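Report on one structure; see the data block that follows.
Computation of the quantities below employed the complete heavy-atom set of this structure, encompassing side-chain atoms and omitting hydrogens, waters and symmetry-equivalent molecules. Read the numbers this way: they start at 1 and go in the same order the structure lists the ligands and their atoms. Keep in mind that this is a model prediction, so the values were computed, not measured.
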Amino acid sequence: MTNWTQNSGSGDAPKSNAITDVACPFCGLVCDDLELARDENGLRVTKNGCEKAIAGFERKVDGAKPQVDGRDVDLETAIRAATELIRKSALPLYGGLGTDVNGIRSVMALADKSGGVVDHALSEGQYRNFRVLQTRGWIMTTLTEARNRADVFVVVGSDLHKLHPRFFERIVNVEQSLVFEQPPKRTVVFIGKGLDQSAVKGPRIGEIITLGCDLDRVGEVVAALAAEARGTPVTVDNVAGVPIAQIRDLLERCQKAHYPVFAWAPPSLNFPNADLVVSTVSDLVKELNVKGRAAGLALGGNEGAISAGAVASWQSGYPLRVSFASGKPDYDFTRYAIPKMLANGEGDLLVWLASFTPDLGPPATKIPTIVLGTPGIKLATPPAVFIPVGTPGVDHGGRIIRVDNVVSLPLRNLGRSNLPKAADIFAAIELAL
Ligand code: SF4
């Protein structure tokens with residue numbers, strides 16, 4: 001029999017009350033310097049945790065039971081019911097996918113065996129990047145290199161503070177640098193109105209500049225920067241309300257800088273054809289590299305989205321939106337978008353996995369749904385089968401890939417609960433199919 005039984009809660013769970021050097025799985029940054037304490041009331045974040053981390057680690061998950069058709073059942077019964085639904089399904093849709101590397105590996109294996117479609121809940125944002133990477137290529141940096149080398153940060157239309165509350169603290173306003181003995185101050189530029197600048201403070205922060213266009217017009221400002229960088233002067237007074245003199249001033253700063261970094265988060269670029277913004281930023285970065293050095297930094301990647309894209313790529317050759325219905329991986333980023341498939345009446349079973357936050361609930365749908373979710377997950381309609389699962393890095397160990405795609409970090413079992421791993425549940429179903 002496979003090892004789907006309840007996580008013992010022991011394993012590598014730390015015994016002491018103070019827990020240091022904890023990696024946080026609640027956004028794509030995966031900060032690895034958190035400190036927590038554990039007592040009879042559960043876990044408490046004592047140092048270096050943002051509000052997302054506190055909400056994630058300190059959430060109570062006790063008491064959740066597996067359910068079939070709304071009735072409490074034991075885990076074995078719930079797994080059996082899920083297996084039967086998947087066995088009968090002609091086209092199961094595996095969505096959500098808020099999980100770690102092991103979790104997504106098990107989803108890929110099950111989707112392969114059951115002839116299903118695989119798509120992450122945040123794929124739409126990720127595809128604003130993937131399309132550019134696939135068609136044009138880009139020059140990107142990592143969190144570590146940006147933290148140590150960048151002298152100008154240009155934030156492109158993205159609320160980085162909301163998505164990654166410690167980005168400015170961990171990457172921009174850092175006291176030390178591996179390359180400068182006396183690290184210089186940094187210029188931070190925001191392209192777009194109304195972006196949260198409250199965390200842009202501290203001894204490393206120099207000038208803060210805002211190019212105040214509407215967020216859905218940042219692409220026009222970046223296109224003007226790229227045109228000027230190519231030597232094609234823009235002949236209007238302003239672009240999207242930003243005076244051309246301000247755009248030229250920014251370009252000059254980027255050309256004079258040692259290492260300007262252009263940061264964006266795809267989920268923030270939530271308007272039609274936003275991949276064109278990513279494409280234009282990439283063009284600008286390439287242009288700046290003709291005579292100097294510059295790089296892009298794509299953020300986002302919450303809810304395990306980076307791990308899902310990476311594992312899907314190395315297992316199937318494609319970055320999500322893959323169908324195994326024909327018996328081999330078939331990739332189409334439009335056709336196999338699960339929200340669109342549901343809207344078109346395609347698929348006869350939704351299998352939804354969300355192990356990090358309760359906010360990643362499944363969409364409302366008329367087809368039967370199996371949910372493997374963190375307790376308290378928001379459910380629009382009662383699922384046919386619900387199996388509460390642990391959160392990697394809190395209830396059990398695991399591994400997750402950071403937003404810059406270059407590091408996978410181990411996640412520790414902090415012993416919050418004995419909820420099972422999603423990977424074990426899927427492995428048991430796959431075995432029983
Ligand atoms: S910024 Fe992200 S990774 Fe860092 S502590 Fe907050 S939620 Fe966790």
Side-chain angles (χ1 to χ4, degrees), residues 18-38 42-59 61 98-101 103 121-122 125-126 142-144 146-147 153 155 158-175 188 195-202 204 261 263-268 297-310 354-360 374 376 390-414 416:
I19 316 166
T20 58
D21 301 323
V22 174
C24 170
F26 295 107
C27 88
L29 290 190
V30 197
C31 303
D32 56 358
D33 62 344
L34 275 71
E35 295 185 15
L36 282 84
R38 188 173 47 187
L43 292 170
R44 193 160 40 83
V45 179
T46 53
K47 198 172 170 192
N48 296 335
C50 66
E51 61 270 28
K52 269 184 201 282
I54 291 169
F57 283 110
E58 297 190 3
R59 209 159 55 81
V61 295
T99 185
D100 68 343
V101 169
L122 304 185
Q126 292 216 99
T142 64
L143 292 177
T144 307
R147 175 186 164 100
F153 281 88
V155 178
S158 304
D159 205 336
L160 300 187
H161 186 54
K162 186 172 168 201
L163 283 166
H164 308 291
R166 295 184 68 205
F167 174 77
F168 291 105
E169 172 208 328
R170 296 259 299 162
I171 308 300
V172 185
N173 183 43
V174 287
E175 275 178 33
V188 183
L195 300 172
D196 189 342
Q197 302 185 3
S198 61
V200 190
K201 55 189 177 195
R204 288 294 302 282
V261 167
W264 71 91
S268 290
L297 179 64
L299 297 165
N302 295 357
E303 303 282 3
I306 302 297
S307 300
S355 58
F356 293 113
T357 68
D359 296 332
L360 198 74
T374 184
T391 300
V394 189
D395 303 303
H396 59 79
R399 184 165 286 277
I400 196 164
I401 300 177
R402 206 171 66 181
V403 69
D404 51 2
N405 278 294
V406 292
V407 182
S408 77
L409 286 148
L411 298 173
R412 290 160 67 186
N413 175 7
L414 304 182
R416 178 177 63 176

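Using a 4.0 Å cut-off between a side-chain N of Lys or Arg and a carboxylate O of Asp or Glu, R170 and D32 qualify as a salt bridge. In summary, D100 and R399 do not engage in a salt bridge, as defined by a charged side-chain N under 4.0 Å from a carboxylate O.
Among the atoms of C31, an N, O or S atom falls under 2.8 Å from atom 4 (Fe) of ligand 1. Backbone or side-chain N, O or S atoms of C27 reach atom 2 (Fe) of ligand 1 at under 2.8 Å.
Between H161 and F168, the ring planes are tilted. Angles from 30° to 60° get that label.
Atom 6 (Fe) of ligand 1 has its closest protein heavy atom at C50 SG, 2.2 Å. Atom 8 (Fe) of ligand 1 has as its closest protein heavy atom C24 SG, 2.3 Å.
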Go through the steps for T391 and R59 under the test side chain to side chain donor-acceptor pair (under 3.5 Å), then give the verdict. CA-CA 11 Å; T391 300; R59 209 159 55 81; 4.8 Å; no
